[in-house]
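Here the structure is a predicted model, which means the values were calculated and not measured.
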Amino acid sequence: MDGRDYTEEERRQIEAELHTEILPGTEVMADVGSHHFVKGAHRQVLVPQPSDDPNDPLNWSLLWKMACITATSMVTFTQGFGPLALAPMFPALMEAFETDLAGAVKFTGVCILVLGFSNFIWVPISTSFGRRPVFLASQLINFGTSIWRAKANTYGSFMGACIVNGLGAGPAETIMPEVIADIFFLHDRGKWNTLYWVVYMGSLMVGPIVSGSMTESVGWRSFWWLNTALIGLSFLMVAFMFPETRFKRSLPESALVGKEKAASMEEKPGAATREDINSSSDAEKDANKIQQVNTATSNPPNTADLDLTDTAARDPYLGRGKPGKWQWALFQPNAHPFGTIILSLWIPWKLFAFPIVEFAAFVVSWSCSSFLTLNLTQSQVLAAPPYNMAPMTVGFTNFAVMVGAFIGLFTAGPLSDWISARSTKRNGGIREPEMRLPAMIPYVIIMFVGNIVVSVGYEKKWAWEVIVIIGYTCAGIQVAALPGIVSTYAVDSYKPVAGSLFVAITVNKNLWGYGFSEFITPWTLESGFIDPIMTNAALILLWCLFGVLFWWKGKTFRRWSKNSKVHRQGGL
């Protein structure tokens, strides 16, 4: 629950009782005086507070949530699988299209550049019409470009496929965090956002493994036919496993109203929610504004005679809800689509003025570029003497990166959630987003050690076992952990604009990634590997050290923007 959900009187009352300032991002994780909250297991206060609608994604059963996140993960994986799978193919592509190494590397760089800016199309569509149409439309584009790549016979044709593929693959970097915020509660988001980074970055790690072995055994074109099949499977998973998660939650006015809504939905499943979405009367807000249920109320419905431990009864569908028929529609209607789209185009640029967003964008950008460095240089180093590895073997080295990513998945998310929960308990039940930041410390150390091993190992021709097992594994750990922690911190601070926030992060990340891909090859040929790799590592360290400032003064930065419109759903 956000400070924006309280009336001024309620906020002053809670602040007086808790002796703290309630700002956007500050969460009250315990009952306060007469303020009661819906709770989950272990008396955990649920943030955000779910509505009493069985179609509310926060109320969905575990089975439906898992089906939804599985389909979402598959889309994210398949959209990242192809674009960065080219590294082991570079020798074959250079021969097929009669180009040099720099020309082959451009296939990856241009795709990355377009991919970042494509989200200025996809996120407004997601905000205006829902997540489901974005996944379906983008996968159709990717399906076509994968066939195009498989059949391309000229350098220009293959480059054209890379450009359009970048357009179609944009949702991999922005929509899954929105879905996570739609269906999961705050206390679980650390691990799910880490899963997002593992799935996305994992696709970039698995792609070269598969493409390397297929290039050597059955030819590089076969990889793109496999990619086509995976995208087709993903499309079907979205069609049958992914109902719409964008949900408009109305404030329950009374127990009677809640019962009437429930009875109405039993007669006509999903009707009440459709009415909320389509309503354009003066008594309702604009349909493109997603109204969040208040997370605290002095006189919550149905709780007059309840003990604190019984407050979960306020939401009879918690954990037992399911999607309504309306959530399977191709897209959700919007009374003012153009206004929503125009606003969504502006918000990412506005977010660049927010220090927390800049901090997250810079850490994510340079952390991911550390992995990109491996992707762009592994063939250059490991295919040459003294290693003389075949494309298949070069691809297999990415198993180490993938193992590291899984280590990051199973440690970073739970660690940041645990540190936050522990700090919240010490803080009297008040959670601040900055409480996650100390979890970065071990992963910053791992990042720097890994970059030293890779850069010096490349330059001094160390044994490949040292470079791959230590250096590549460290790269996998940090690229799952650091982006996951800082992006969760940013989303916790500005939840209503999670999609636009990731557009800002992605544009920053992909601009740097494109530039790095352009100059990394000539830079390494001129100066060796230590200068470019350690320069990048030093920048990651610099941005991460700002975490100390944000841990100390992050609430002050949030206070600067507490009256901003971005704290209303969609920035409206």
Side-chain angles (χ1 to χ4, degrees), residues 74 77-112 114-115 139-169 172 202-236 372 374-385 387-402 464 468 472 517 521:
M74 186 63 174
F77 181 88
T78 54
Q79 290 189 353
F81 184 69
L84 260 73
L86 297 180
M89 295 183 194
F90 284 159
L93 295 176
M94 289 162 61
E95 180 180 351
F97 300 125
E98 298 180 353
T99 186
D100 58 9
L101 178 60
V105 169
K106 280 187 178 180
F107 289 139
T108 298
V110 170
C111 184
I112 289 173
V114 176
L115 193 154
Q139 288 299 69
L140 282 178
I141 293 174
N142 293 323
F143 188 83
T145 60
S146 188
I147 296 174
W148 185 358
R149 289 217 212 199
K151 290 180 168 289
N153 291 316
T154 66
Y155 183 93
S157 179
F158 196 85
M159 180 63 79
C162 292
I163 293 171
V164 181
N165 186 198
L167 174 66
S203 69
L204 311 185
M205 300 164 194
V206 174
I209 296 173
V210 178
S211 68
S213 59
M214 293 189 72
T215 297
E216 186 171 334
S217 57
V218 293
W220 63 269
R221 294 182 188 274
S222 297
F223 170 81
W224 295 107
W225 290 117
L226 170 66
N227 189 59
T228 302
L230 291 175
I231 293 172
L233 173 62
S234 169
F235 182 89
L236 294 176
L372 181 63
L374 303 187
N375 183 275
L376 297 177
T377 59
Q378 57 186 195
S379 285
Q380 180 182 349
V381 174
L382 299 177
Y387 308 108
N388 297 314
M389 292 184 181
M392 181 186 299
T393 309
V394 172
F396 284 162
T397 62
N398 287 278
F399 274 119
V401 189
M402 189 166 59
W464 69 265
V468 172
Y472 282 24
S517 70
T521 301

Show me, pair by pair, the donor-acceptor contacts under 3.5 angstrom made by side chains of residues 93-104, not counting sequence neighbours?
from: Asp100; atom 1: OD1; to: Gly103; atom 2: N; distance (Å): 2.8

Check: Considering only heavy atoms from C-beta outward, does the side chain of Trp464 approach that of Met389 to under 4.5 Å?
Finding: yes

Check: Does any pair with a residue in residues 79-92 pass side-chain hydrogen bond (donor to acceptor under 3.5 Å, both in side chains), and if so which ones, sequence neighbours excluded?
Finding: Gln79-Ser138, Gln79-Gln139

Checklist line | Test item: Phe158 and Cys162 side chains (from C-beta on) under 4.5 Å apart, heavy atoms | finding: yes

Checklist line | Listed partners of Phe77 passing ring-ring contact (aromatic ring centres under 6.0 Å, His included), at least two apart | finding: Phe81

Margin query: Tell me if a side-chain donor or acceptor on Asn142 pairs with a main-chain N or O of Gly168 at a distance below 3.5 Å.
Written below: yes

Checklist line | Contact check, side chains of Gln380 and Val105, non-hydrogen atoms, under 4.5 Å | finding: no

Notebook entry, point to check: Minimum heavy-atom separation for Thr108 to Pro83, with atom names?
Noted result: OG1-O, 4.0 Å

Margin query: Per the side-chain hydrogen bond (donor to acceptor under 3.5 Å, both in side chains) rule, what does the pair list look like for residues 221-230, sequence neighbours excluded?
Written below: Ser146-Asn227, Ser146-Thr228, Asn153-Arg221

Notebook entry, point to check: Just by distance, do the side chain of Ser234 and the backbone of Leu230 share a donor-acceptor pair under 3.5 Å?
Noted result: no

Item checked: Partner set under side chain to side chain donor-acceptor pair (under 3.5 Å) for Ser157, not counting sequence neighbours -> Trp148

Check: Is there any side-chain hydrogen bond (donor to acceptor under 3.5 Å, both in side chains) pair reaching into residues 211-220, and which pairs are they, with sequence neighbours excluded?
Finding: none

Next item on the list: Using side chain to side chain contact (heavy atoms under 4.5 Å, CB included) as the criterion, list what pairs up with Leu140, not counting sequence neighbours.
Entry: Phe235

Check: Mind checking what makes side chain to side chain contact (heavy atoms under 4.5 Å, CB included) contact with Leu372, not counting sequence neighbours?
Finding: Leu84, Ile112, Leu376

Next item on the list: Show your working on ring pair (Phe, Tyr, Trp, His ring centres under 6.0 Å) between Tyr155 and Phe107 and close with a plain yes or no.
Entry: CA-CA 9 Å; Tyr155 183 93; Phe107 289 139; 4.8 Å; yes

Next item on the list: Could you list the residues that satisfy side chain to side chain contact (heavy atoms under 4.5 Å, CB included) with Val381, not counting sequence neighbours?
Entry: Tyr387, Tyr458, Phe529

Acceptor/donor pairs from residues 392-399 side chains to any protein atom, 3.5 angstrom cut, sequence neighbours excluded:
from: Thr397; atom 1: OG1; to: Val394; atom 2: O; distance (Å): 2.5
from: Asn398; atom 1: ND2; to: Gln378; atom 2: OE1; distance (Å): 3.1
from: Asn398; atom 1: ND2; to: Gly395; atom 2: O; distance (Å): 3.1

Next item on the list: State, to 0.1 Å, how close Pro88 and Ser379 come at their nearest heavy-atom pair, and which atoms those are.
Entry: CA-OG, 3.7 Å

Notebook entry, point to check: How long is the span from the CG atom in Leu236 to the CD1 atom in Ile231, to the nearest 0.5 Å?
Noted result: 12.5 Å

